[in-house]
Amino acid sequence: MALLIALLVLMLFHQASTQSEYGYVNIDCGAEDAYLDDENITWFTDYRYVKQGYNQMINKSIQYDPMHTLRAFPELKKNCYTLPAFIQQKYLLRAGFFYGNYDGLSRPPMFDLQFDANSWATVITSIDQPVFYEAVVMARRHNISVCVARTKQGDVPFISTLQIMQLLPGMYSNMDSDHALFKEYRFNFGSNQTVRYPDDKYGRVWEPAPPNSYTNITADFQTLISTVIDDPPFAAIRTAIQSKLPSDPILLSFKLQEQVRPSYISLYFTEVAKLNPGQNRTFDIYFNGQDYNLKLSPIYQTSNEVHGYVVPTGVVFNFNLSLVPSKNSNMPPIVSAMELFTVSETLANGTAPQDVFGLGLIAHFQESLSKWSGDPCLPVPWDCYLANFSIPYLTNFSDMQALEIIDLQNNSLTGEVPSFIWDFPNLKSLNLAYNNFRGTVPEFIINRKVSLNITGTGLIIVVPKKKKSHTGLIVGVIVAVAVALIGFAAFTFINHCIKRDRKVSTMEMSRVEEENQTEPVAGNGSETQCDPQRSSKSFGFSSQRRLKDMEEN
């Protein structure tokens, strides 16, 4: 018996050493012991990688090994695994989730999946089917955190398996450190078999492509002479599909989860047989109908690859791949395997050093927060969830200047609110409910329109008295003065006109009388020629001025 145990331990050690050459860590979340599965993969327990959560078992009648256990997180809002890594090295992350109705509620939860300080995916689980999410990332620190976060009240996040596999530095060479690649599809064309470890030493899983109308073919050789830097497994390369006729294209379409993000694609080819003289297999490659000037003639017993970014020109619901025979080709186009990723948004740099220091102080001095792991502050919005921890006092975490949301509800905090709580420059929401706080809420918090909850506390909001406004009185005085001035001006003008008319009339009458006396003329209408003429000049000048202005304009 002792010998059998020793042999089992030796096998596990040898397998772990073989996998560790490529930086493997395979975690069966919720498992009690390490074991070797039917595919010769060593699975370890998760105790050293996570601090919180509870182990749960799946009903054995519907279990998927190694997904017969899981770890559930009913307490904290965010729960993280911390995985060792080398800085600036690329890693393949795969997270698996199998609900299996472990809680008897028949209600598969939905929650967020994150890595480091970045969003990864929204996990949508199923009662009877496992789901997997995969990403290619570059480590920025000596560890990578993978986290599940509750987004809906009553939904309990969980995780079944977690794997991290180190990749060669040159793999996925177009990828930069500011972005991650989220797997959409990885297909093995021309076969109904799934290709995985140990055929793929990096742990990638190549699934059979969906049924199509093309012809399945298999290479006539058993090994590759050379391969490419992304190193696809031979088992995925040696099978392929080709169109039925040399003149027919291969047209494939794949539904995308993200319709506006760029895609990253890797296509793999090989010539499956030695071509006779005069045979030529050459084709052009189009992505979403765009011509990238890509022409390929696969080489026999050699892995060929085309890879790069494809930027959508608008909202794209499907990724369309076209392999079109070239004019001089007399053999149908061919393809062996494909990887299709969605490119992440620009990655966050993570929590600032001063904020990490502040978080460390909180966790160090608050025993109830000892289960915190990773970065307990969510990517967007940046919040700090400290509710329901029975915290008796607050450590000064004023260094965390990026905080936008602080939730301190339902603790054992007493006395006045520490002054630093009010002073975060980006604060948008502050929940102090159900604590024994007393004192007054600062007026500037009210003026900044911070969302504030002080229910169940002794805090008081003093609404500042509004200053009496004299605007109405001032406006009234101005209006009254203006009316008076206008009235006075009008009175003066009218009075002046009346006086002038009286003077003109007296002068005209005197002048007419003198003319009548010295030089009598009958029927000339002197009065008619005089008064209208004078009025016409007065108003005529004004009318001519307005006309001139209009003509000039």
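Computed over heavy atoms, backbone and side chain alike; hydrogens, waters and symmetry mates excluded. Just so it is clear, the structure is predicted and the values come from calculations on it, not from any experiment.
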## Note on the structure
Only one of Met138, Lys90, Met175 passes side chain to side chain contact (heavy atoms under 4.5 Å, CB included) with Leu181, and that residue is Met175
Rounded to the nearest 0.5 Å, what separation is found between the [atom1] atom of [X] and the [atom2] atom of [Y]?
X      : Y      : atom1 : atom2 : value
Thr82  : Arg141 : OG1   : CZ    : 11.5 Å
Ile237 : Asn188 : CD1   : CG    : 8.5 Å
Leu347 : Ser119 : CG    : OG    : 10.5 Å
Arg94  : Asn26  : CZ    : CG    : 8.5 Å
Leu340 : Leu321 : CG    : CG    : 9.5 Å
Ile285 : Leu323 : CD1   : CG    : 6.0 Å

Distance-only, no hydrogens or angles: does the [X] side chain make a donor-acceptor pair with backbone N or O of [Y] under 3.5 Å?
X      : Y      : answer
Asp116 : Ser145 : yes
Tyr24  : Tyr202 : yes
Asn118 : Ala348 : yes
Ser336 : Arg238 : no
Arg186 : Glu207 : no
Asp155 : Met110 : yes
Thr270 : Val272 : no
Tyr133 : Lys183 : no
Tyr197 : Asn40  : no
Tyr185 : Ala209 : no

With a 4.5 Å heavy-atom cut-off, do [X] and [Y] have their side chains touching?
X      : Y      : answer
Ile58  : Leu70  : yes
Val136 : Leu167 : yes
Val146 : Leu83  : yes
Tyr214 : Pro332 : no
Val156 : Pro109 : no
Tyr300 : Ile225 : no
Arg71  : Tyr81  : yes
Ile164 : Leu162 : no

Tell me the closest heavy-atom pair linking [X] and [Y], and the distance in Å.
X      : Y      : result
Phe132 : Gly96  : CD2-CA, 3.6 Å
Val137 : Ala180 : CG1-CB, 3.9 Å
Pro130 : Phe98  : N-CD1, 3.8 Å
Val228 : Ser303 : CG1-O, 3.2 Å
Asn174 : Tyr309 : O-OH, 2.9 Å
Pro333 : Asp248 : CD-O, 3.3 Å

Does [atom1] in [X] sit with more than 12 non-hydrogen atoms of other residues, nucleotides or ligands closer than 6.0 Å?
X      : atom1 : result
Asn293 : CG    : no
Tyr292 : OH    : yes
Lys295 : NZ    : yes

### Query
Please walk me through it: do Met338 and Trp206 pass side-chain contact (heavy atoms from CB on, under 4.5 Å)?
CA-CA 9 Å; Met338 180 197 78; Trp206 304 76; over 6 Å; no
### Task
Go through Glu32 and Asn55 one step at a time and tell me if the side chain to side chain donor-acceptor pair (under 3.5 Å) criterion holds.
CA-CA 9 Å; Glu32 296 292 338; Asn55 293 354; 3.2 Å; yes
### Task
Determine whether the side chains of Asp128 and Ser126 contain a donor N or O and an acceptor N or O closer than 3.5 Å.
yes
### Task
Please assess Asn280 against Thr282 for the test side chain to side chain donor-acceptor pair (under 3.5 Å), listing each intermediate value before the final yes or no.
CA-CA 6 Å; Asn280 180 21; Thr282 306; 2.8 Å; yes
Any idea how [X] and [Y] line up, ring-wise: parallel (<30°), tilted (30 to 60°), or perpendicular (>60°)?
X      : Y      : answer
Phe234 : Phe221 : tilted
Tyr99  : Phe158 : tilted
Tyr264 : His307 : parallel
Phe111 : Phe97  : perpendicular

### Audit row: Phe269, Val306, side-chain contact (heavy atoms from CB on, under 4.5 Å) steps and yes/no
CA-CA 9 Å; Phe269 311 86; Val306 171; 4.2 Å; yes
### Message
Quick one, Phe283 with Ile334, criterion side-chain contact (heavy atoms from CB on, under 4.5 Å). Give me CA distance, side-chain angles, the key distance, then yes/no.
### Response
CA-CA 9 Å; Phe283 48 89; Ile334 191 174; 4.1 Å; yes
### Among Asp37, Asp33, Asp28, side chain to side chain donor-acceptor pair (under 3.5 Å) partner for Trp43
Asp37
### Message
Taking Asp200 first and then Arg204, would you say they form a salt bridge - that is, a charged N and a carboxylate O separated by under 4.0 Å?
### Response
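Salt bridge between Asp200 and Arg204, a charged N being under 4.0 Å from a carboxylate O: yes.
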### Task
Only counting residues at least two apart or in another chain, list the ones meeting side chain to side chain contact (heavy atoms under 4.5 Å, CB included) with Leu275.
Glu271, Gln279, Arg281, Met331
### Task
For Glu184, check side chain to side chain donor-acceptor pair (under 3.5 Å) against everything at least two apart and list the hits.
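Partners of Glu184 under the side chain to side chain donor-acceptor pair (under 3.5 Å) test: Thr342.
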### Task
Sequence neighbours left out, what passes side chain to side chain donor-acceptor pair (under 3.5 Å) with Ser263? Give chain and number order.
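If we apply the side chain to side chain donor-acceptor pair (under 3.5 Å) test to Ser263, skipping adjacent residues, there are no hits.
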#### Entry: Audit row: Val131, Ile124, side-chain contact (heavy atoms from CB on, under 4.5 Å) steps and yes/no
CA-CA 8 Å; Val131 293; Ile124 303 175; over 6 Å; no
#### Entry: Steps toward salt bridge (charged side-chain N to carboxylate O under 4.0 Å, His left out) verdict (Arg140, Asp178)
CA-CA 10 Å; Arg140 296 186 171 188; Asp178 291 329; 3.4 Å; yes
### Query
So Phe341 and Tyr172, ring pair (Phe, Tyr, Trp, His ring centres under 6.0 Å) or not? Walk me through it.
CA-CA 11 Å; Phe341 302 88; Tyr172 306 104; 5.6 Å; yes
